[in-house]
Structures are given as structure tokens and as C-alpha cells.
2 protein chains.
Amino acid sequence: EPKQRGFRFRYECEGPSHGGLPGASSEKNRRTYPTVKISNYVGHARVEVQLVTHTDPLASTRTAWWAVHCTENGTCMVDVGPNDLTASFSNLGILHVTKKSASHDRRQPINTQHLRSTESSILKEAKELGKVMDLNIVRLKFTAYLQDSNGGFTRALKPVVSNAIYDSKSPNASNLKISRMDKTCGTVLGGDEIFLLCDKVQKDDIEIRFYEEDEGGWEAFGDFSPTDVHKQYAIVFKTPPYHSAEIERPVTVFLQLKRKKAGDSSDPKQFTLHPSVQGKPRPF
Amino acid sequence: EPKQRGFRFRYECEGPSHGGLPGASSEKNRRTYPTVKISNYVGHARVEVQLVTHTDPLASTRTAWWAVHCTENGTCMVDVGPNDLTASFSNLGILHVTKKSASHDRRQPINTQHLRSTESSILKEAKELGKVMDLNIVRLKFTAYLQDSNGGFTRALKPVVSNAIYDSKSPNASNLKISRMDKTCGTVLGGDEIFLLCDKVQKDDIEIRFYEEDEGGWEAFGDFSPTDVHKQYAIVFKTPPYHSAEIERPVTVFLQLKRKKAGDSSDPKQFTLHPSVQGKPRPF
DNA sequence: CAATGGGGAATCCCCATAG
DNA sequence: CAATGGGGAATCCCCCTAG
């Protein structure tokens with residue numbers, strides 16, 4: 001399985017070799033790659049990868065919105081066997097196809113009379129498509145071919161489809177990250193104003209989640225409006241009140257950025273809640 | 001004269017009509033436009049505008065990096081006179097020409113044998129040019145033509161060139177602006193950490209200037225490094241010490257963003273310095 | 001020096017608001 | 001509805017660091 005997030009799709013103009021798609025369990029020092037294994041078989045086999053859309057994985061590649069670059073000649077397959085039937089793809093790149101070139105790709109009925117209208121209608125179509133199938137999410141589709149009696153790889157097995165891969169440069173799928181906060185503590189009553197610096201977020205699809213780790217889990221959300229999100233890179237918010245104002249000593253909780261729609265979240269940061277100051281009355 | 005900053009150059013693809021270049025003294029409600037007046041003359045005249053480069057105003061327009069769009073047909077001139085010889089240009093737009101189309105513009109020796117090499121060499125040339133003459137700065141060049149005895153506008157006067165106009169979308173010429181700070185006061189000793197949210201800045205060409213208004217003017221700079229500039233939209237810095245630690249009551253000073261190279265600055269924000277707390281020793 | 005990874009510039013697209 | 005003004009997405013370019 002490939003890693004779902006954190007990999008950046010590239011445009012052709014960016015050149016090859018910006019690193020291959022890592023495997024789901026890939027680590028800094030121990031890199032792994034998307035891998036498939038053919039079970040219950042001994043012999044030679046050929047495994048091919050294709051990119052398919054996020055939503056309709058089994059059917060479509062009808063428009064090649066992306067192209068996989070693994071070998072020089074553009075084909076994406078490896079031969080395996082006869083003993084180890086594990087195919088590992090170590091240099092998969094995912095290429096963005098631009099809207100413009102995408103429209104050229106389609107075979108047009110060249111001889112029809114609409115010369116101008118084609119172009120705009122294609123753009124419109126592309127836009128429609130873009131709405132349904134997010135171009136920034138793809139899956140890998142592996143197809144294995146076993147050798148037939150003539151030695152040709154013709155006996156196709158049922159393809160398997162990977163989990164979804166999100167373009168890390170796409171604003172709705174980039175890695176969420178809190179890089180800095182002006183305070184890391186506040187009072188149990190909430191209402192403390194915090195300046196938080198982060199990687200790119202979308203002002204209408206982000207929330208700041210406070211939580212405690214134990215089961216039963218308390219959670220609450222930072223208080224801010226879209227206008228408090230500054231240029232996608234900073235958020236000014238107020239802390240939520242803790243579930244209980246009656247604490248004797250400081251409590252440490254966590255906060256993280258979280259996308260409302262996709263549900264993915266950033267690494268957490270610690271935040272310390274202090275008891276409300278002696279003599280300062282709670283608001284009621 | 002045109003306004004120097006705050007006007008955005010547009011690409012052709014953005015369509016016409018995103019507002020015309022305002023005059024230097026243009027206000028929200030009282031719009032003015034770049035205007036020239038022919039002195040010491042009575043009669044009809046024609047005034048033409050052209051865009052010229054920032055650095056070499058009198059000579060060049062040799063490559064039309066920008067195009068002025070004022071009338072439908074692309075010509076940019078107005079006829080004035082016979083009494084009022086003031087020409088006002090109310091709908092000047094400045095078009096960005098993309099690098100790609102810029103290279104097409106040049107008349108190529110089509111029949112030479114370098115088919116591939118031309119393109120890359122043109123790009124290289126464009127890049128070279130870009131280094132010397134900043135494509136995001138232009139000037140207007142007005143040329144007036146008086147009527148000759150046949151009624152033709154042939155008697156050109158000496159052209160006049162406007163001040164420089166900076167593309168407000170260009171990162172090194174955009175409007176500087178402080179939009180929010182997490183504190184607006186600190187101590188006279190300095191060293192207070194401030195989170196400041198701002199419009200786009202360049203981490204290597206920005207400083208935070210504290211100053212007092214009176215002549216003799218104290219000034220000092222916020223302490224931060226390029227890595228403290230977060231994604232061009234926020235700066236975490238430490239306040240500088242005031243010129244005197246011996247103050248009895250709070251002092252209000254100003255701070256502003258300031259570009260090191262161009263020297264332009266943002267509107268100031270107030271900042272209040274409090275006396276060092278009773279009993280807290282000054283560091284020495 | 002090429003591979004890897006990432007910041008930000010140049011280009012493009014489209015939305016909100018006031019006439 | 002078109003003019004105006006502006007935010008941000010899609011595309012592209014290039015620098016840094018570690019091998």
C-alpha cells in the first residue's frame with residue numbers, strides 16, 4: 001500500500017526524480033515502497049500498475065489525468081518470480097496533467113464544424129469532471145499477468161486497487177501542521193486568545209480540536225471564525241473551557257488542527273490548563 | 001502622475017476591466033487618473049501613452065512586455081484642445097505578458113536551423129532581461145503631437161515620463177500591511193516576543209521598525225531571523241529596548257514593516273512601552 | 001554532481017461586493 | 001447584469017541539503 005498523504009504530485013515541467021511514492025509504512029531511514037504479492041502461485045508473472053480515479057477505481061482511466069513514471073520508456077511493470085512473487089515499485093511518480101494538455105489528449109471528432117466551441121466545451125467538461133472526481137486523489141491499480149503455455153503474460157488476474165493517495169500540494173489534502181503558538185498554557189475557564197502559526201489550511205474547512213487522551217475522551221474546539229484565519233497560515237482563536245473548572249493542579253491536554261471534511265488532523269501539541277486564579281470569580 | 005503602488009497588473013487571461021490605473025492623488029471617493037497637460041499652447045493636440053521600462057525610460061519599449069488597454073481597438077491616445085489641453089487617461093490597464101508569449105513576440109529568424117534551441121535560448125534571454133529590468137516596474141511615457149498646417153498630428157513634443165509604477169501583486173512591491181499583533185505593549189527593556197500577522201513579505205527583505213515621531217527620532221528594529229518569518233505572512237520577533245530605561249510612565253511609540261531594499265513601509269501601529277516593573281532589576 | 005524535498009514566484013481562475 | 005477589487009488555486013521554477 002502507498003502512503004496516503006504527504007506525497008506531492010508533480011507537473012511534467014518539474015522534471016523527473018523528485019522522489020518516488022513511498023509505502024504506507026515508510027520511515028525516514030527505512031524506506032519502503034508500494035508492493036503487491038501474488039499468492040498461491042509459483043512461476044513467472046508480470047505485474048503492471050495503473051493510476052485510476054479515487055471514486056470509480058475499477059472502471060476508469062479513460063482520461064489519463066496522471067501518468068506514472070517508473071521506467072525510462074514509460075511502461076510501468078515489473079516481472080517477478082519464479083519464487084518470490086513480491087513486486088515492489090520503488091520509483092513511482094505521479095504526474096499532474098494540466099487542464100490544457102488534458103483537453104488535447106482527448107481524441108476529438110476533428111471534422112466537426114465547431115472549431116471554437118470545442119475548446120471551451122472541453123474546458124467546461126473538465127471542470128464538471130473535476131467536481132465529481134477530485135483530480136488530486138488517485139489510487140494505484142495493480143494487475144498481475146501469469147504466463148500462459150507459450151510463455152506470454154496473458155492470463156490476467158483480478159486487479160487490486162490501493163487505498164487513496166492525496167496530492168500533498170493540493171490545498172485540501174496537504175499535511176496539517178502546527179508550527180508555533182504564542183502561548184502553550186491558559187486557564188481552565190477558556191477564553192484565552194492564542195495566535196497559532198500553521199501550514200496551509202482552508203479557512204472554511206479547519207477546526208482546532210482540544211482533547212484528552214483517556215477513553216471517555218473530553219474534546220472541545222477552539223473558538224474562531226473564518227476571518228480569524230490569516231492568509232491560510234495563521235489562526236487567532238480562543239481556547240474552549242475545560243470540562244471541569246474544579247481542578248486543583250494544572251492539567252495537560254492536547255490540541256490539533258483537524259479538517260472538517262476529510263477528518264484528517266495534524267500532530268498534536270501540548271497545552272496546559274491552569275486552575276482559575278484564587279479569588280477570581282468564575283463567570284456564570 | 002500615476003499612483004506608484006497598490007495597482008495590480010493583470011494577465012490577458014484575466015479579462016479586461018479590473019479597474020484603471022489611478023492617479024497619485026486618487027482617493028476612495030474622489031478618483032483621479034494619470035493626467036498630462038500641454039503648456040503654452042492653444043489648439044488641438046493628440047496625446048499618446050506608452051509603457052516603458054523602469055530603468056531605461058527614454059529609450060525602450062522594444063519588447064512589449066506590457067500592453068496598455070485603454071480603448072477597444074488597442075490604441076492609447078486622446079485628442080485634446082483647443083482650449084483645455086489636459087489629457088486624462090481614465091482606463092489604463094497594465095497587462096503582464098507571460099514569458100511564453102513574450103518569446104513568441106520576438107520576430108525570429110524563422111529559417112535558421114535551430115528549431116529546439118531557439119526556444120530555450122529565448123527563455124534564457126528573457127531571464128537575463130528579467131534580471132536587469134524588473135518586469136514588475138514600469139513607467140508611462142506620454143508623447144504629445146501638435147497639429148501641423150495640414151491638420152495632421154505630426155509635430156511631436158518631447159515625451160514626458162511618469163514616476164515608476166509597481167505591480168502590487170509582485171512579491172517585492174506589494175503593499176506592506178500589519179493586520180494583527182498578539183500584544184500591543186511591552187516593557188521599556190525590550191525582549192518581549194510578539195506574533196505579528198501581515199500581508200505577504202519576503203523573509204530576507206523585511207524589517208520591523210520601531211520609532212518615535214519627534215524629530216531627533218529614535219528608531220530601533222525588531223529582533224528576528226528569516227526563519228522567524230512564517231510562510232511570508234507572519235513574523236515572530238522580539239521588541240527592541242527603548243533608548244532610555246528610565247521612564248516614569250508609559251510611552252507610546254510606533255512600529256511598521258519596512259522593506260530593506262525598496263525602503264517602503266506599512267502604515268504604522270501603536271505600541272506602548274511600560275516602565276520596567278518595580279523591583280525587577282535591569283539586566284546589565 | 002544528481003536525487004530528494006520543499007519554498008515561493010508567476011500565472012490563472014473565480015468569488016464577493018457595489019453600482 | 002458588468003465593473004471593480006481581491007483571495008486563493010493551479011502551475012511552474014528554482015534553491016537547499018544530503019548523499
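Chain A is the first sequence line, chain B the second, and so forth, proteins listed ahead of strands; every chain is numbered from 1.
For Lys200(B), counting side-chain heavy atoms from C-beta on, the closest listed nucleotide (dA3(D), dA9(C), dT11(C)) is dA9(C). Ranking dG7(D), dG8(C), dA3(D) by closeness to the Ser17(B) side chain, first place goes to dA3(D). Counting only heavy atoms from C-beta on, Thr98(A) has its side chain closest to dC12(D) among dC12(D), dC12(C), dA10(D). Of the candidate nucleotides dT4(C), dG8(D), dC14(D), dG8(D) has the atom nearest to the side chain of Gln232(A). Here the side chain of His18(B) is nearest to one of dG5(D), dG8(D), dC12(D), namely dG5(D).
Between Phe9(B) atom CZ and dA10(C) atom P there is a gap of 12 Å when expressed in whole angstrom units. Atom CD in Glu14(A) sits about 13 Å away from atom C1' in dA10(C), given to the nearest Å. Taking atom NZ of residue Lys177(B) and atom C1' of nucleotide dG5(D), one finds them 13 Å apart after rounding to whole Å.
Judged by distance alone with a 3.5 Å cut-off, a donor-acceptor contact links the side chain of Arg8(B) to the base of dG6(D).
A 4.5 Å side-chain heavy-atom check between Val236(A) and Asp182(B) finds every atom pair outside the cut-off.
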Determine, stepwise, if the pair Phe221(A) / Phe237(A) fulfils ring pair (Phe, Tyr, Trp, His ring centres under 6.0 Å). CA-CA 10 Å; Phe221(A) 294 89; Phe237(A) 69 98; over 10 Å; no
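Residue Tyr11(A) places at least one side-chain N or O closer than 4.0 Å to OP1 or OP2 of dT11(D). A close approach under 4.0 Å does not occur between any side-chain nitrogen or oxygen of Gln202(A) and OP1 or OP2 of dG7(D).
We find that Asp204(B) and Lys261(B) are not joined by a salt bridge, their nearest charged nitrogen and carboxylate oxygen being 4.0 Å or further apart.
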